[in-house]
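Residues take their numbers from the sequence shown, with the count starting at 1.
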Amino acid sequence: MSEKRDYFNLHVRGLGYLDRVREVKPKRGGKPFLAVDVTAIHGPADATQRTRFQCVVRGREAERVVRAAARHLEAGRKVLAGFKLGDLYAE
């Protein structure tokens, strides 16, 4: 019989602006990865607050969407997107 283990996930869903799309190449080897900053908007509409997240992009669909957004950012446009973040940690 297998032992039951409890596990708790932390996910954040929201709306925010994308910024600083970049390909990260680790200095000590490792596989390069796509990263993006998300500035989440929260609070009342007449007094919004913003919280910035530095994110690693995971999944083919997410990479496709972020790369498409990068073209708009390079053209000087703002990109507003819905997002879901997981495996959060504070630095």
Side-chain angles (χ1 to χ4, degrees):
M1 186 186 309
S2 65
E3 182 180 318
K4 182 182 174 190
R5 295 180 187 223
D6 291 325
Y7 190 82
F8 304 97
N9 289 316
L10 173 60
H11 292 245
V12 174
R13 289 179 183 261
L15 184 69
Y17 290 98
L18 303 184
D19 192 28
R20 237 171 52 97
V21 177
R22 60 216 178 268
E23 189 80 25
V24 177
K25 296 175 183 165
K27 292 179 183 177
R28 297 182 183 163
K31 185 178 176 183
F33 58 90
L34 186 63
V36 64
D37 288 359
V38 175
T39 302
I41 304 166
H42 54 96
D46 61 348
T48 58
Q49 296 180 22
R50 296 169 186 237
T51 301
R52 188 178 200 92
F53 296 95
Q54 293 182 2
C55 307
V56 174
V57 180
R58 297 284 185 224
R60 281 189 213 143
E61 182 66 10
E63 285 189 14
R64 185 189 67 74
V65 169
V66 170
R67 288 184 193 283
R71 292 191 295 273
H72 292 284
L73 292 170
E74 289 167 3
R77 298 183 192 105
K78 291 187 177 188
V79 177
L80 182 66
F83 62 86
K84 178 180 177 183
L85 306 178
D87 295 330
L88 301 172
Y89 63 92
E91 279 189 0

Closest contact, heavy atoms only, [X] versus [Y]:
X: Gly16; Y: Phe83; value: N-CE2, 3.7 Å
X: Leu15; Y: Gly82; value: CD1-N, 4.0 Å
X: Asp37; Y: Gln54; value: OD1-CG, 3.5 Å
X: Leu73; Y: Leu18; value: CD2-O, 3.4 Å
X: Ala35; Y: Val24; value: CB-CG2, 3.9 Å
X: Glu23; Y: Leu34; value: OE1-CD1, 4.1 Å

Decide yes or no for Asp19 and Arg52: does some side-chain heavy atom of the first lie under 4.5 Å from some side-chain heavy atom of the second?
yes
Can you find a pair of side-chain heavy atoms, one from Asp87 and one from Val56, that are under 4.5 Å apart?
no
Can you tell me how far the CZ atom of Arg13 sits from the NZ atom of Lys84, to the nearest 0.5 Å?
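Between Arg13 CZ and Lys84 NZ, I get 4.5 Å after rounding to 0.5 Å.
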Once side chain to side chain contact (heavy atoms under 4.5 Å, CB included) is applied, do any residues pair with Pro26, and if so which ones, sequence neighbours excluded?
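Only Phe33 meet the side chain to side chain contact (heavy atoms under 4.5 Å, CB included) criterion with Pro26.
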Counting distance only, does the side-chain N/O of Arg77 pair as donor-acceptor with the main-chain N or O of Ala75 below 3.5 Å?
no
Salt bridge check, Arg60 against Glu63: does any charged N sit closer than 4.0 Å to a carboxylate O?
no
Tell me whether Val79 is reachable from Val38 by hopping between hydrophobic residues (I, L, V, M, F, W, Y) whose side-chain heavy atoms are closer than 4.5 Å.
yes
